[in-house]
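To start, the structure under review is shown below, and the notes come after it.
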Amino acid sequence: AQDLHDESGSTLSSISLYSAVMQKSSKSLPQNTHGILEKIIDSTSEIMENMSDMVWTIKSDNDHFRQVVHRMRAFAANVADSKGIALRFDAQARVEELRLDMDKRKNVYLIYKEAVINAVKYAECTELQIDLRKTNHNIELHIRDNGKGFDPGSVDYSESSLGGNGLTGMALRAEKLGADFRIDAAPGQGTTISLKLPVNH
């Protein structure tokens, strides 16, 4: 995975760089060409980020949940700051002492990441609160925003693969984990995404 990341990452970085250079030096090109170049830059950046996530979750030295929490905190801080959103991130100390296998930490992190992205990109919120704690034999994650909210009843959860996007993808990943996944939302009242994952310790 690391070799794939290094080799492919180098190539993708070059594609992104060449596209950026072409975009800046091609003022005479049609306007739609600039849009296409922008999509190439965005797509290569997204692939590089996804590959980084994949390599990180596979590494065995990241099975300590402390590493997951640090990555969660850094990701939320970065995207919230880019949009001027006030962030509150609270994680219990005893959560950080847990250990998760590769599959669990991958799916927990990807559910979390998708929820944060949705809040930052689409909720039109000004505040984002993230709570992570251990209760009895569960890890509980709550991601709350004060944005425009939506009607959860309008979401279609019928997609059958983990390739599903947005809320459907999160629900399917939670199902694979054997975790409880919940959405509390209403138009004009913000959104809370909750995940409760059973753990054996």
Side-chain angles (χ1 to χ4, degrees), residues 9 12-13 16 20 38-39 41-57 59 62 64-96 98 100 104-135 138-152 155 164-174 177 179-197:
L12 289 167
S13 294
S16 181
E38 186 67 34
K39 287 181 179 179
I41 294 170
D42 291 344
S43 295
T44 51
S45 297
E46 182 179 351
I47 293 171
M48 289 168 64
E49 182 179 346
N50 290 341
M51 288 182 63
S52 176
D53 289 341
M54 186 187 305
V55 171
W56 181 84
T57 56
K59 288 183 177 179
N62 289 326
H64 210 290
F65 206 67
R66 181 181 296 108
Q67 305 302 324
V68 182
V69 173
H70 289 174
R71 193 171 181 90
M72 285 178 163
R73 191 190 304 271
F75 177 76
N78 184 49
V79 295
D81 183 65
S82 70
K83 297 291 185 178
I85 295 171
L87 172 67
R88 178 181 173 185
F89 188 107
D90 291 325
Q92 280 186 341
R94 64 177 183 158
V95 174
E96 298 186 0
L98 298 172
L100 293 183
K104 286 183 179 179
R105 65 175 177 265
K106 176 191 74 175
N107 283 299
V108 167
Y109 181 72
L110 292 179
I111 290 170
Y112 165 83
K113 185 177 177 181
E114 184 67 34
V116 171
I117 289 173
N118 285 347
V120 170
K121 282 190 174 183
Y122 308 117
E124 299 177 7
C125 64
T126 58
E127 298 176 4
L128 181 62
Q129 181 174 338
I130 298 165
D131 293 298
L132 188 60
R133 63 190 69 253
K134 183 175 183 291
T135 57
N138 299 293
I139 293 175
E140 290 193 19
L141 171 65
H142 303 281
I143 302 165
R144 303 180 179 90
D145 69 64
N146 68 340
K148 62 183 180 180
F150 67 100
D151 177 12
V155 178
N165 293 321
L167 297 174
T168 300
M170 287 190 281
L172 290 167
R173 288 189 182 278
L177 284 169
D180 178 56
F181 178 75
R182 181 174 176 177
I183 302 169
D184 292 306
Q189 298 184 30
T191 300
T192 299
I193 301 291
S194 299
L195 182 75
K196 182 185 289 186
L197 172 67

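Starting from 1, each residue takes its place in the sequence as its number. The structure displayed is predicted, hence computed values, not measured ones. Atom set for the values below is all heavy atoms of this structure, side chains included, hydrogens, waters and symmetry mates excluded.
Side chains of Val116 and Ile130 form a contact here, defined as non-hydrogen atoms less than 4.5 Å apart. Proximity of Lys106 to Leu110: side-chain heavy atoms (C-beta onward) are separated by under 4.5 Å at one or more points. Contact annotation: the side chain of Ile183 approaches that of Phe150 to within less than 4.5 Å [non-hydrogen atoms, C-beta and beyond]. Between Tyr109 and Leu100, every side-chain heavy-atom pair lies at or beyond the 4.5 Å cut-off.
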For residues 69-89, which side-chain N or O atoms pair as donor and acceptor with protein atoms under 3.5 Å away, sequence neighbours left out?
unit_1	atom_1	unit_2	atom_2	d
Arg71	NH2	Ser52	OG	3.4
Arg71	NH2	Asp53	OD1	2.9
Ser82	OG	Val79	O	2.6
Arg88	NE	Asp90	OD2	2.7
Arg88	NH2	Asp90	OD2	3.1

Donor-acceptor pairs are to be reported for all side-chain atoms of residues 187-194 against protein atoms at under 3.5 Å, with residues two or more places apart or in another chain.
unit_1	atom_1	unit_2	atom_2	d
Ser194	OG	His142	ND1	2.8

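Scored by the side chain to side chain donor-acceptor pair (under 3.5 Å) test, Asn118 finds no partners at all (sequence neighbours excluded).
Among all heavy-atom pairs drawn from Cys125 and Ala119, the shortest one is SG-O, 3.4 Å.
The backbone N or O of Lys134 lies less than 3.5 Å from a partner atom in the side chain of Gln92, making a donor-acceptor pair.
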Legend entry - Audit row: Asp131, Arg144, salt bridge (Lys or Arg N to Asp or Glu O under 4.0 Å) steps and yes/no: CA-CA 9 Å; Asp131 293 298; Arg144 303 180 179 90; 2.6 Å; yes
Inset, instruction - List the steps, then state whether side-chain contact (heavy atoms from CB on, under 4.5 Å) holds for Ile139 with Val108. - result: CA-CA 10 Å; Ile139 293 175; Val108 167; 6.0 Å; no
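The CD atom of Glu114 sits 9.0 Å away from atom NZ of Lys121, with the distance rounded to the nearest 0.5 Å. Atoms CG and CD1, on Leu167 and Ile111 in that order, are 11.5 Å from each other to the nearest 0.5 Å. Summarising the geometry, atom OG1 belonging to Thr168 is positioned 8.5 Å from atom CE belonging to Met170; distances are rounded to the nearest 0.5 Å.
Remark: Arg133 does not engage Glu140 in a salt bridge, criterion side-chain N to carboxylate O under 4.0 Å.
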